[in-house]
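Each ligand, and each atom within it, is numbered from 1 in the order the structure gives.
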Amino acid sequence: MTGVTEFSLIKQYFTFDSEREDVILGVGDDCALLAPPANKQLAVTVDTLVAGVHFPLNTSPADIAYKSLAVSLSDLAAMAAEPAWATLALTMPDSDHDWLQEFSTSFKESLKDYGVQLIGGDTTQGPLSITVQLTGFIEAGKAMRRDTARVGDRIYVTGHLGDAALGLKLLNIHDLPDSTIKGACVKKLNRPVPRVVFAQQAADYCGCAIDISDGLVADLGHILKASGCGGRIYFSQLPVSKAFRKSQVYLNQFNYSQMLLAGGDDYELCLVASAHNEEALFALAESTGVLLTHIGEIDASTSLSVINTAGEAIAVNTSGYEHFSDE
Ligand code: ADP
Ligand code: MG
């Protein structure tokens with residue numbers, strides 16, 4: 001966008017009070033000037049949400065703003081980094097006041113909740129798309145990485161799986177006998193809670209994690225590949241919400257196993273840790289109010305197996321959401 005409207009728009013909707021001392025110069029100049037802590041490493045991540053691809057076209061501006069920040073916060077959590085600075089590249093078809101006001105209010109609120117400052121961005125005209133780049137801090141050597149799983153380690157997940165994938169399907173269903181199911185699952189789809197506080201402390205007990213954005217099997221698969229090992233997960237141990245369980249009673253047209261194992265948008269963490277640290281990890285989960293479930297083990301095989309209660313391997317479609325696949 002060019003001309004006076006762009007600058008007044010940035011001033012009106014994206015210039016928030018300075019809250020962090022490490023931001024020397026925020027929104028308004030050609031670059032932001034930042035004072036990174038001398039004794040930490042920077043963790044940097046960027047994610048784009050495209051309307052109609054990453055969220056349905058009728059998603060509210062407040063939910064879009066929340067989620068565009070949450071998905072990047074989830075990446076920082078997966079590395080155990082402490083969130084600090086954000087940039088926002090916003091492409092939108094027109095400059096609609098009501099839309100911008102709602103987006104801006106929600107974005108500002110989420111920034112505040114996580115102590116993050118918006119330090120710059122870009123504003124352009126085109127199909128709606130939101131890119132958030134986040135920088136966080138982490139002590140050298142403390143980041144949870146994908147390549148550190150070892151044979152014998154245990155596999156854990158936070159929260160519940162499958163709710164967001166179910167929520168996406170329920171958006172188009174209007175005659176559910178129990179409306180709390182849809183409410184809970186759509187909330188998980190639009191407002192995933194990044195496990196930021198838990199993750200930073202979990203790094204004391206756990207060197208390996210990933211956030212589940214493309215489905216458990218696909219994302220755990222990234223850990224196994226990077227670490228050069230295999231693993232097994234026990235299907236009956238996968239954490240399922242009350243809403244998900246109830247939905248299975250009312251609606252039998254969905255493939256629930258697939259949603260649990262390969263549904264996207266969970267934004268939970270999958271952690272791999274030594275059994276020695278299990279007690280400490282569970283105590284931390286409890287004290288930070290996060291549900292943590294042991295779901296499997298890393299083994300010396302070369303692939304991931306999903307095991308049923310009879311001890312047999314279940315076949316699953318292991319691919320997560322793939323933007324450039326032909327299917
Ligand atoms: P330039 O043309 O020099 O890149 P811009 O006009 O793109 O400058 O941006 C002016 C200032 O406003 C910069 O500090 C930039 O970081 C900031 N900015 C632009 N768009 C946004 C946005 N959506 N959110 C936050 N800051 C923004
Ligand atoms: Mg620019």
Counting both backbone and side chain atoms, is some N or O of Gly121 under 3.5 Å from an N or O of ligand 1?
yes
Considering only heavy atoms of Thr123, which atoms of ligand 1 have at least one such atom less than 4.0 Å away?
19 (C), 20 (N), 21 (C), 22 (C), 23 (N)
Between Leu118 and ligand 1, which residue portion shows a heavy-atom distance shorter than 4.0 Å: side chain, backbone, both, or neither?
side chain
Ligand-residue contact atoms, ligand 1 with Gly28, heavy atoms, under 4.0 Å:
11 (C), 13 (C), 14 (O)
Applying side-chain contact (heavy atoms from CB on, under 4.5 Å) to Lys142 and not counting sequence neighbours gives Ile138, Glu139, Ala203, Asp204
Partners of His276 by side-chain contact (heavy atoms from CB on, under 4.5 Å), sequence neighbours excluded?
Ser274
Interfacing atoms of ligand 1 (cut-off 4.0 Å, heavy-atom, Asp30)
3 (O)
Test side chain to side chain donor-acceptor pair (under 3.5 Å) applied to Tyr234 and Glu297, step by step
CA-CA 9 Å; Tyr234 307 107; Glu297 269 86 43; 2.8 Å; yes
Is Phe14 close to ligand 1, meaning an N/O of one under 3.5 Å from an N/O of the other?
no
Under 4.0 Å from a heavy atom of Asp29: give me the atoms of ligand 1 that qualify, with their elements.
11 (C), 13 (C), 14 (O)
Any Phe235 side-chain heavy atom under 4.5 Å of Leu260 side chain:
yes
For Phe7, state whether at least one heavy atom is located under 4.0 Å from any atom of ligand 1.
yes
Report the part of Ile10 (side chain from C-beta onward, or backbone N, CA, C, O) that has a heavy atom under 4.0 Å from ligand 1; answer both or neither where that applies.
side chain
Do Tyr256 and Phe244 have their ring centres less than 6.0 Å from each other?
yes
For Val186 and Gly167, the nearest pair of non-hydrogen atoms, with its separation, is CG2-O, 3.8 Å
